[in-house]
Amino acid sequence: MKTSLIYFVLLIHVTGCKERIEKFIFDSSKMSNITEYSYKYDSNKLMSTTENIYTLMWGQKVDTLTTLIEYFYNDKGLLFKETSKSDFSENPTLKFYFYNESDSLIQEININYEGDTTFNEKYQYFPDGRKTVYFRYLSLSVDLQNIINSVSKMEYDTIFEKYEYEYNGTQCNVKKQFDGENNLTKTIKYEYQENKITKEEHFTYFDKMEIQEKTKYYDYSKSDIKPDYYSLDSKNDTVELNVNEFEKGIIINSTSVYDYGNVINKTFYEKGKEIGCVAIDKKMKMKLVNSTEYFENGDIKETKSYHEELNAP
């Protein structure tokens, strides 16, 4: 009964915004950005990627940004460094990869062109695979009322998270999240059936008080790998949901609804690869459309995008 209700809610959300999303169509006349990719290989090992980003106005290219990404490997053939340099920057941004004695990835670090560490993530390995135990990210602080001024100041907000996991045999029963002062900020409790997660209970904490954020349910009836899911808040209102569609076992599209139906994303696939995405934000009254093309070997060849305002209801 719950599942039927959720599918009904999804139908209302998708069709109720006047933008019925059923088949991916990209309107090239509205295109505002194109990114073209090229690659260099050495004995099937990727050595560099070049990204040419073009901004369009009235169908004409008015600005171009070129970024060169180079890849470096250690004696074991493991990727240990990436450098990324754009036209506007004198110095490249750097990304480093670190491995344990078993050659398993245990840490990633990003350093921007000013020498600031903007990303640091550490991993550990558990019975069900690799999980994040430490996460630190610097994001540019943007004042939506004065974007130009906030970008010129180059001030950053810091996201800091630590994670702990509790296991019963090979199954993770609890995931705990802590802030930089080691305060518990979030807990997720998992339930399983036949080694598949069927339910998650999400709790947040304020002043040491536990608040139930949402309960998430999974449905594996169509796929063991890409289940449908939905989440209910403490009042049984639908917070989010995701419905996948398949043909002969291969995914063809996925519809996700977030923020109580205010954000809708529909992703389209061809032969298992994403070829397009339509994102709708009802609060911002905006629609963003992305298209992706590939080379025969599966590398991305080109991405295109545009955005437009949604008509008021």
- request: Test side chain to side chain donor-acceptor pair (under 3.5 Å) on D233 and Y260 and set out the steps.
  value: CA-CA 10 Å; D233 65 13; Y260 296 93; 2.7 Å; yes

- prompt: Hey, is the main chain of M209 close enough, under 3.5 Å, to the side chain of D207 for a donor-acceptor pair?
  reply: no

message: Nearest 0.5 Å, please: how far is OH in Y125 from OG in S104?
response: 4.5 Å

message: Do the side chains of K304 and E293 get close enough for a salt bridge, i.e. N-O under 4.0 angstrom?
response: yes

query: Taking side chain as C-beta onward, heavy atoms only, is S223 less than 4.5 Å from F246?
result: yes

- request: Could you check if a side-chain atom of V278 sits within less than 4.5 angstrom of a side-chain atom of F268, using non-hydrogen atoms only?
  value: yes

task: Report yes or no: does Y97 contribute a side-chain atom to a donor-acceptor pair with the main-chain N or O of I106 at less than 3.5 Å?
output: no

query: Got a salt bridge between D128 and K131, using NZ or NE/NH1/NH2 to carboxylate O under 4.0 Å?
result: yes

- request: Measure the spacing between CD1 of I53 and CG of N33 and express it to the nearest 0.5 Å.
  value: 8.0 Å

- line: Nearest heavy-atom contact between Y39 and D299 is CE1-CB, 3.5 Å

- prompt: Do K76 and D103 have side-chain heavy atoms sitting under 4.5 Å apart?
  reply: yes

- prompt: Is a side-chain N or O of T185 found less than 3.5 angstrom from the main chain of Q177, in a donor-acceptor match?
  reply: yes

- request: Ignoring hydrogens and angles, state whether a donor on the side chain of Y165 or Q124 is under 3.5 Å from an acceptor on the partner side chain.
  value: no

- prompt: What's the verdict on side chain to side chain contact (heavy atoms under 4.5 Å, CB included) for K196 and D224, showing C-alpha distance, side-chain angles and the deciding distance?
  reply: CA-CA 8 Å; K196 296 185 182 72; D224 289 338; 3.3 Å; yes

message: For a quick check under 3.5 Å, do Y123 and E121 share a side-chain donor-acceptor pair by atom type?
response: yes

message: When you measure from the side chain of T170 to the backbone of P127, do you find a donor-acceptor pair of N or O atoms at a distance under 3.5 Å?
response: no

message: How long is the straight-line distance from CG of D63 back to OH of Y54, given to the nearest 0.5 Å?
response: 11.0 Å

- prompt: Is any side-chain heavy atom of Y205 less than 4.5 Å from a side-chain heavy atom of D179?
  reply: no

message: Whether E166 and K176 form a salt bridge (side-chain N of Lys/Arg under 4.0 Å from carboxylate O of Asp/Glu) is what I want to check.
response: yes

query: Any side-chain donor-acceptor pair under 3.5 Å between N242 and N244?
result: yes

- request: Nearest 0.5 Å please: distance from the CD atom of Q107 over to the CG atom of N100.
  value: 12.0 Å

- prompt: Can you find a pair of side-chain heavy atoms, one from D27 and one from Y306, that are under 4.5 Å apart?
  reply: yes

- prompt: Which heavy atom in Y218 sits nearest to a heavy atom in K199, and how many Å separate them?
  reply: CD1-N, 4.3 Å

- prompt: Can you find a heavy atom in the side chain of I69 that is under 4.5 Å from one in the side chain of E82?
  reply: yes

message: Check for me whether K45 meets the cation-pi criterion with Y73, that is, NZ or CZ under 6.0 Å from the six-membered ring centre and within 45 degrees of the ring axis.
response: yes

message: For the CG atom of N168 and the CG atom of N173, what is their distance to the nearest 0.5 Å?
response: 5.0 Å

query: Regarding D116 and T118, is there a side-chain donor-to-acceptor distance under 3.5 Å anywhere?
result: no

field: CA sep, side-chain torsions, deciding dist, call: E213, T204, side chain to side chain donor-acceptor pair (under 3.5 Å)
entry: CA-CA 6 Å; E213 180 185 0; T204 58; 5.1 Å; no

task: Compute the ring centroids of F135 and F119, then answer whether they are less than 6.0 Å apart.
output: yes

message: Are E308 and M286 packed together at the side-chain level, in the sense that at least one heavy-atom pair is separated by less than 4.5 angstrom?
response: no

query: Between K85 and E70, is there a salt bridge with N-O shorter than 4.0 Å?
result: no

- prompt: Going by heavy atoms in the side chains, are S291 and F24 under 4.5 Å from each other?
  reply: yes

- prompt: When you check the gap from the basic side-chain N to the acidic O, do K189 and E200 get nearer than 4.0 Å?
  reply: no

message: Please confirm whether the ring centroid of Y134 lies under 6.0 Å from the ring centroid of F160.
response: yes

field: Check against side chain to side chain donor-acceptor pair (under 3.5 Å), T49 and Y71
entry: CA-CA 9 Å; T49 301; Y71 308 93; 2.9 Å; yes

Side-chain ion pair, K301 and E36, N-O less than 4.0 Å: no

field: Lys/Arg-Asp/Glu bridge criterion (N-O < 4.0 Å) met for K283, D259
entry: yes

query: Does one side chain, of S89 or N91, offer a donor that lies under 3.5 Å from an acceptor on the other?
result: no

query: Is the distance between the ring centroids of Y217 and Y230 less than 6.0 Å?
result: yes

CA sep, side-chain torsions, deciding dist, call: C277, V289, side chain to side chain contact (heavy atoms under 4.5 Å, CB included): CA-CA 6 Å; C277 180; V289 183; over 6 Å; no

